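Okay, structure first, notes after.
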Number of protein chains: 2
Amino acid sequence: MVKNLSPNVPEIVDDLVQLCFAVQTILLRIAAAHDLSLVQMRLFGILRDHEPEMIALARYLNLDKSSVSGLIDRAEQRGLVRRVRVPEDGRVFRVSITPLGRQITAEITTQVESEILGLVANLSDADRRQFIRIASEILRG
Amino acid sequence: MVKNLSPNVPEIVDDLVQLCFAVQTILLRIAAAHDLSLVQMRLFGILRDHEPEMIALARYLNLDKSSVSGLIDRAEQRGLVRRVRVPEDGRVFRVSITPLGRQITAEITTQVESEILGLVANLSDADRRQFIRIASEILRG
DNA sequence: TATTGTTATACTCTATAACTATA
DNA sequence: TATAGTTATAGAGTATAACAATA
């Protein structure tokens, strides 16, 4: 019930939106289990491999810099990230993930992997290869 | 940049999450252009074909009933929905979309369709058929 | 002057708990 | 008592505008 975007919408649009919704639901549930929002989940996905400046984070997350201030404030209060001063420019911080933040990120990554794999568990190997090929086409031209 | 969930995560998981993110970005942008949240967009997707009770809406949207109260309050103030009394049970409302709400929903549907189609514009017809087949497999077994 | 980041403010969105009205 | 829905409250998340510090 409440399945289709519209009877007249091409099936591929409907499928993409529904697929997005299914993945979204999984991500939301896992994030919530760790008391994180989806944006925070994305934040930690970034921080695992980067130490961005606040303004770069705003760009990555498509948020206003003031929103990032609050986001980092709350994460810092929970001991998940740190603001690190940059010697070259007194205005700038880099945001760095803490060991605790890294541990939570690792747990989340494992869970996400497992649950998303569950979503495609019934596909044949051939279909899984096809899907990866077509998805790559969509995502990276 | 900031592309992969992790180097060790299977490619199909990464692709699904990224595909979800791409769709999400489109939906968010279109919703925002109409001053709506993603949840409101889902709400109107439901109301186009249904007149649910508040409690059913809470179930569909996976929200607490108090959250739905606020959601419907704000939509009602903007003239997009109406609360309709049910004669059989004095406690119950049905939520009904107004002509204005229906018009906005139609605009959004058209835009979403067009932008999502743009995402798969470069696929061959064969790949598009394959994708629909595999997506159906994932979504509906 | 321009840039980086924070703060003040206001609003949406969400859940929990307490409440009202109806069954 | 039980159910449908609202209200009070608190907190996250967001943007805009004004601000401080640094360049």
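Note that the structure is a prediction, hence the values are computed from the model and not measured. Quick note: numbers below take in every heavy atom, side chains included, and nothing from hydrogens, waters or symmetry partners. Chain naming here is simple, since letters A, B, ... match the order of the sequence lines and numbering starts at 1 in each.
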query: What does B:Arg83 touch in the nucleic acid at a heavy-atom separation under 4.0 angstrom: a base, only the sugar-phosphate, or nothing?
result: sugar-phosphate
message: To the closest 0.5 Å, what do you measure between OG1 (B:Thr105) and CG (B:Leu47)?
response: 7.5 Å
- prompt: If you look at every strand shown and take non-hydrogen atoms under 4.0 Å, does A:Val39 touch a base, only sugar-phosphate, or nothing?
  reply: sugar-phosphate
task: Decide side-chain contact (heavy atoms from CB on, under 4.5 Å) for B:Phe131 and A:Leu16; before the verdict, give the C-alpha distance in whole Å, the side-chain angles of both, and the deciding distance to 0.1 Å.
output: CA-CA 9 Å; B:Phe131 186 87; A:Leu16 270 166; 3.8 Å; yes
task: Using atom CG of A:Leu61 as one end and atom P of D:dA15 as the other, report the distance to the nearest whole Å.
output: 10 Å
task: Look at A:Asp73 together with A:Arg83 and state whether they make a salt bridge at an N to O cut-off of under 4.0 Å.
output: yes
- prompt: How many Å lie between CG on A:Leu36 and C1' on D:dG11, as a whole number?
  reply: 15 Å
message: On DNA chain D, compare the nucleotides closest to A:Lys65 and A:Gly70; which residue's is nearer the 5' end?
response: A:Gly70
message: What I want to find out is whether B:Arg78 reaches B:Asp35 closely enough, with some N-O distance under 4.0 Å, to be called a salt bridge.
response: no
query: Are any side-chain N or O atoms of A:Arg94 and backbone N or O atoms of A:Val86, one a donor and one an acceptor, separated by less than 3.5 Å?
result: no
- line: Comparing nearest nucleotides in DNA chain D, the 5'-proximal residue of the pair A:Asp64, B:Ser66 is B:Ser66
message: Working note: B:Ile97 + B:Leu80, criterion side-chain contact (heavy atoms from CB on, under 4.5 Å); need CA distance, chi angles, decisive distance, verdict.
response: CA-CA 6 Å; B:Ile97 193 167; B:Leu80 305 178; over 6 Å; no
Protein and nucleotides 21-23 of chain D: nitrogen or oxygen contacts under 3.5 angstrom:
from: D:dT22; atom 1: O3'; to: A:Gly90; atom 2: N; distance (Å): 3.3
from: D:dA23; atom 1: OP1; to: A:Gly90; atom 2: N; distance (Å): 2.7

query: To the nearest Å, how far apart are B:Leu57 CG and D:dA4 C1'?
result: 13 Å
Interatomic distance, A:Ile72 CD1 vs D:dT14 C1' [rounded to whole Å]: 15 Å
task: Would you kindly give the CG-to-C1' distance between B:Asp35 and D:dT16, to the nearest whole Å?
output: 14 Å
query: When we call it a touch if two heavy atoms are under 4.0 Å apart, what does A:Gln77 touch: a base, just sugar-phosphate, or nothing?
result: nothing
message: Reading DNA chain C from 5' to 3', where do the contacts with chain B start and stop? Cut-off is 4.0 Å to heavy atoms.
response: C:dT12 to C:dA23
- prompt: Is B:Arg102 reaching over with its side chain to a backbone N or O of B:Phe44, donor-acceptor style, under 3.5 angstrom?
  reply: no
task: Carefully, step by step, assess B:Arg74 and B:Leu71 under the rule side-chain contact (heavy atoms from CB on, under 4.5 Å).
output: CA-CA 5 Å; B:Arg74 292 184 290 274; B:Leu71 198 69; 4.1 Å; yes
query: Given that A:Asp73 and B:Arg74 both sit by DNA chain C, which one's nearest nucleotide is further toward the 5' end?
result: A:Asp73
message: Do B:Ile72 and B:Phe93 have side chains that approach each other closer than 4.5 Å (heavy atoms only, starting at C-beta)?
response: no
- prompt: Can you check whether B:Ser69 has a side-chain N or O nearer than 4.0 Å to OP1 or OP2 of D:dT6?
  reply: yes
field: Nucleotide nearest A:Leu71 when distance is taken to its side chain, options D:dG5, D:dG13, D:dT16
entry: D:dG13
